[in-house]
Peer 1: 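Before I ask anything, here is the structure I am working with.
The model shown is predicted, which means the values in this text are computed figures rather than measured ones. Numbered from 1 within each chain, the chains take letters A, B, ... in sequence-line order.
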Amino acid sequence: MYAHTVKSRIADVIIWVLLLAFTLSCLIPLVNLVAISFSDNAAASANMVSIFPVNPTFSSYEKLLSDTQFWRSFMISVERVVLGLLVNMVLMILTAYPLSKSSKQFRGQKIYMNLVIFAMLFSGGLIPTFMVVKELHLLDSIWALILPGAVPIGNVILLMNAFRAVPKSLEEAAKIDGASQWRILARIYLPVVKPTLATVALFTIVGHWNDYFGALVYISKTMNYPLQTYIQQLSVEVQNITDPEKLMELAKISNKTLNAAKIVVSTLPLLLIYPFMQKYFVSGIVVGSVKE
Amino acid sequence: MKNKKDQTAFHFMLAPSMIFLIIFSFIPMFGIVMAFQNYIPAKGITGSSWVGLDNFKFMLQIPDSKQIFANTIIIAVWKIIVGTIVSIVFALLLNEIRVRFAKRFMQTVVYLPNFLSWAILATVVMNIFSYEGPVNAVLSWFGIDPVLFMASNTWFRPMLVLTDVWKGFGYGSIIYLASLTAIDPGLYEAASIDGANRFKKLWYVTLPGLMPTILLVTTLNLPNVLNAGFDQIFNLYNPLVYQTADIIDTYVYRVGLVERQYSLGTTVGLLRSVVGIILILSANKLAQKLTDYRIF
């Protein structure tokens with residue numbers, strides 16, 4: 001509809017060039033990482049790798065296979081995602097459903113709502129929370145990574161809004177048939193809000209998989225670190241050296257290709273679910289933010 | 001009769017999460033009294049001595065605190081401004097093309113970095129901007145001396161803004177793309193009939209149509225001026241750039257947990273929480289007033 005004038009064509013070219021620049025800026029660093037992981041270490045250390053591997057080899061992946069700590073951390077992360085998802089989803093649904101009722105239908109609604117909002121707005125902060133976890137003897141256990149964030153309030157609000165959008169008549173029909181609230185929730189509300197459930201589930205999975213900080217605070221044995229904390233530690237030692245010369249030296253001897261392989265493998269699970277995620281998180285964000 | 005059964009069911013449903021919230025949200029709130037104590041771990045909260053507002057006075061005296069508050073706000077404001085503009089520009093550019101496959105592909109790629117953690121991306125960023133990395137290699141073609149981007153107080157902040165915007169602009173553009181599709185096509189037709197060219201349509205139809213969303217998102221971003229991005233800075237910084245990169249959250253972590261100055265850490269954290277609430281509540285009010293939207 002535009003392509004008639006020369007001016008419009010020039011504009012088209014500029015638009016395409018800019019969009020390509022944006023896209024490549026997101027793509028190239030990740031492709032480069034993969035290329036490094038498949039290159040030989042000498043070439044990688046000399047910064048000769050761009051988007052194709054130099055002297056392609058699987059050696060860093062072979063080395064990675066025998067890194068028991070990496071796989072241990074990997075399994076801890078998997079365990080955390082599974083347990084965390086279970087706890088978060090159950091609590092999210094059970095919190096969001098009653099809160100989605102009007103205060104006429106559920107007399108305590110306002111009080112609970114205020115408590116939840118208050119918990120969202122105000123917190124004791126890092127240090128007092130740490131002390132509570134310590135008092136409960138949860139330090140160094142996987143539950144320290146899951147229980148403090150058991151009720152993700154942001155997602156509860158998202159789910160609550162989805163429950164509110166369900167037509168009232170569905171519930172009334174079920175009530176006439178004598179269904180209890182538990183049954184109404186399980187049989188009517190949950191199936192209807194499936195897209196929102198998928199969205200919050202995906203946010204939860206990504207959140208647990210990506211979190212490195214919880215373990216840094218609550219886990220003292222390096223052995224028990226989940227994957228992201230393990231990865232994070234790779235760069236920490238380099239970070240705390242302030243002498244630029246030493247920094248460069250360290251960068252040279254550090255095993256660049258092996259680190260790249262570790263990062264690629266730890267990103268892989270996310271990349272595998274990403275295509276399925278996209279349609280859900282896009283609709284989830286739109287539902288959550290644009291209201292008519 | 002039946003209604004009573006419903007009430008009981010609702011209370012039962014809420015019970016587990018209330019227990020968790022009490023343990024992990026409300027009980028820690030009492031820990032805030034540490035801000036008014038000279039807290040000594042061996043003595044505990046009940047045994048430590050009360051010092052009134054001494055911690056707050058001390059906090060205001062140390063030069064560090066002015067620096068970290070300034071850093072936090074400067075970094076966060078730059079991120080919000082640049083991030084919003086880049087997201088909007090990207091959405092507008094993408095909206096101009098009609099090749100569906102290309103559109104889909106570009107969206108998929110630019111959303112991706114948002115889902116990777118800073119623990120991972122920090123390594124990528126440090127690689128690219130390292131002393132012997134690709135960016136410095138390109139600079140050297142133009143005869144520019146290599147720069148230690150991640151260890152220079154001049155460069156670190158711009159790097160933070162750049163990499164944060166890079167990570168988030170795709171994801172941030174989703175909401176703008178959604179509201180672009182909601183603009184009435186009749187407006188464009190009318191503009192065409194009036195002889196508007198492409199740029200004029202952008203200026204007089206698209207941008208005004210986008211305005212409510214821009215306003216809303218910016219308002220909801222307001223509380224983030226105290227949130228300059230712990231994950232990112234924590235993973236990228238080093239003692240050389242504390243001066244320009246240390247923010248409230250990283251400071252509380254270092255002073256409170258690493259150096260074990262619990263009282264000072266709590267004091268700084270408390271101030272942050274209080275200002276944070278004021279900002280969130282004002283943003284909620286403002287959003288309600290301007291766009292009829294409420295967060296809660």
Side-chain angles (χ1 to χ4, degrees), chain A residues 2 8 11 15 18-19 22-23 25-27 29 33 47 91 94-95 97-98 106-108 112 117 119 121-129 131-132 147-148 150-151 157 180-182 206 210 212 217 228 231-232 235 239-240 242 244 248 251 259 263 267 270 274 278 282 285-286 289-291, chain B residues 6-7 9-11 13-14 16-17 20-21 23-25 27-29 31-32 90 93-94 96-97 106 108-110 112-113 115-117 119-120 122-124 126 128 130-133 148 151 166 170 174-175 178-179 198 235 238-240 252-253 256-257 262 265-266 269 273 277 280 293 296:
Chain A
Y2 295 124
S8 196
I15 288 167
L18 286 174
L19 280 173
F22 272 119
T23 311
S25 82
C26 291
L27 198 59
L33 193 72
N47 281 300
L91 290 179
L94 290 184
T95 317
Y97 180 68
F106 173 31
R107 252 170 278 127
Y112 284 111
I117 296 287
L121 291 182
F122 200 67
S123 76
L126 183 61
I127 296 155
T129 312
M131 285 159 70
V132 168
L147 298 185
V151 192
I157 292 179
S180 72
Q181 281 298 335
W182 294 91
V206 174
N210 277 347
Y212 67 96
V217 177
Q228 300 283 331
I231 297 278
Q232 202 259 342
S235 52
Q239 260 181 52
N240 288 333
T242 48
M248 276 192 281
N259 284 356
I263 292 176
T267 311
L270 242 171
Y274 182 68
Q278 198 175 333
V282 169
I285 291 162
V286 174
S289 26
V290 187
K291 267 193 201 161
Chain B
D6 283 0
Q7 304 294 319
F10 291 144
H11 288 296
M13 286 174 182
L14 281 163
S17 10
F20 278 110
L21 286 183
I23 297 175
F24 293 106
S25 296
I27 292 179
M29 287 178 198
I32 285 168
F90 181 75
L93 287 171
L94 203 63
E96 289 294 313
I97 66 165
M106 291 192 230
T108 307
V109 171
V110 298
L112 182 62
F115 289 95
L116 305 180
S117 73
I120 297 238
T123 321
V124 176
M126 286 199 272
I128 292 171
S130 71
Y131 195 74
E132 294 173 313
L148 270 167
W166 169 76
I174 292 176
I175 175 171
S179 53
R198 220 166 156 175
N235 281 300
N238 55 65
L240 284 179
V252 168
Y253 175 76
L257 277 185
Y262 291 119
T266 310
S273 293
I277 290 188
I280 293 175
Y293 180 94
F296 43 78

Peer 1: If I take atom CG from residue Leu21(B) and atom OH from residue Tyr112(A), how far apart are they, to the nearest 0.5 angstrom?
Peer 2: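 Rounded to the nearest 0.5 Å, the CG-OH separation comes out at 11.5 Å.
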Peer 1: Side-chain contact test, heavy atoms from C-beta onward, threshold under 4.5 Å: evaluate it for Leu14(B) versus Leu94(A) and give yes or no.
Peer 2: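 Side chain of Leu14(B) against side chain of Leu94(A), heavy atoms only: no contact under 4.5 Å found.
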Peer 1: Measuring from Ser123(A):OG to Ile32(B):CD1, what's the distance to the nearest 0.5 Å?
Peer 2: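 Interatomic distance, Ser123(A) OG to Ile32(B) CD1, rounded to 0.5 Å: 7.5 Å.
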Peer 1: Of all the heavy-atom pairs spanning Trp166(B) and Ser25(A), show the shortest one and how long it is.
Peer 2: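 Shortest heavy-atom contact: NE1-O, 2.8 Å.
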Peer 1: Under 4.5 Å between any side-chain heavy atoms of Pro16(B) and Leu91(A), yes or no?
Peer 2: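 Yes, close enough: below the 4.5 Å cut-off.
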Peer 1: If we only count heavy atoms from C-beta on, is the Phe10(B) to Arg107(A) side-chain gap below 4.5 Å?
Peer 2: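 Counting from C-beta outward, Phe10(B) and Arg107(A) never come under 4.5 Å.
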Peer 1: Less than 4.5 Å apart, any side-chain heavy atom of Phe22(A) and any of Leu94(B)?
Peer 2: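 Side chain of Phe22(A) against side chain of Leu94(B), heavy atoms only: no contact under 4.5 Å found.
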Peer 1: Taking the side chain as every heavy atom from C-beta outward, state whether Val252(B) and Ile127(A) have any pair of such atoms under 4.5 Å apart.
Peer 2: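 With C-beta onward as the side chain, the pair touches.
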Peer 1: Tell me, please, which residues at least two apart from Leu147(A) pass side-chain contact (heavy atoms from CB on, under 4.5 Å).
Peer 2: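 So Leu147(A) forms a side-chain contact (heavy atoms from CB on, under 4.5 Å) with Leu138(A), Trp143(A), Phe20(B), Phe24(B).
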Peer 1: Please flag which part of Phe122(A) lies under 4.5 Å from any non-hydrogen atom of chain B: side chain, backbone, both or neither.
Peer 2: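 Both the backbone and the side chain of Phe122(A) come within 4.5 Å of chain B.
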Peer 1: What is the distance from atom CG of Leu126(A) to atom CG of Leu257(B), rounded to the nearest 0.5 Å?
Peer 2: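 Spacing of CG (Leu126(A)) from CG (Leu257(B)) equals 4.5 Å.
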Peer 1: Which pair of heavy atoms, one from Ala119(A) and one from Met29(B), lies closest together, and at what distance?
Peer 2: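 Nearest heavy atoms, Ala119(A) then Met29(B): CA-CE, 4.4 Å.
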Peer 1: CG of Asn259(A) to OG1 of Thr123(B): how many Å apart, nearest 0.5 Å?
Peer 2: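 If I round to the nearest 0.5 Å, the distance is 7.5 Å.
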Peer 1: Where is the tightest heavy-atom contact between Pro28(B) and Pro128(A), given as atom of each residue plus distance?
Peer 2: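 In this case the closest contact between Pro28(B) and Pro128(A) is O-CB, 3.2 Å.
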Peer 1: To check you understand the geometry: which heavy-atom pair defines the closest contact between Phe115(B) and Leu270(A), and what is its length?
Peer 2: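 Smallest heavy-atom distance, with atoms named: O-CD1, 3.2 Å.
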Peer 1: Go through the atoms of Leu112(B) and report whether side chain, backbone, both or neither lie under 4.5 Å from a heavy atom of chain A.
Peer 2: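 For Leu112(B), heavy atoms of backbone and side chain both lie under 4.5 Å from chain A.
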Peer 1: So which part of Ile263(A) gets closer than 4.5 Å to some heavy atom of chain B, the side chain, the backbone, both or neither?
Peer 2: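 The answer is both parts of Ile263(A).
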Peer 1: So, for Thr95(A) and Ser17(B), which heavy atoms are closest and what is the spacing to 0.1 Å?
Peer 2: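 Thr95(A) and Ser17(B) have their closest heavy atoms at OG1-OG, 2.8 Å.
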Peer 1: Parallel, tilted or perpendicular for Phe106(A) and His11(B), by the 30°/60° rule?
Peer 2: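 Perpendicular: the ring planes of Phe106(A) and His11(B) meet at over 60°.
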Peer 1: Show the nearest heavy-atom pair for residues Ile15(A) and Leu93(B), with the distance to one decimal.
Peer 2: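 Between these two residues, the closest heavy atoms are CG2-O, 3.7 Å.
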Peer 1: Please classify the contact of Gln228(A) with chain B as side chain, backbone, both or neither, using a heavy-atom distance under 4.5 Å.
Peer 2: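 Contact with chain B is through both the backbone and side chain of Gln228(A).
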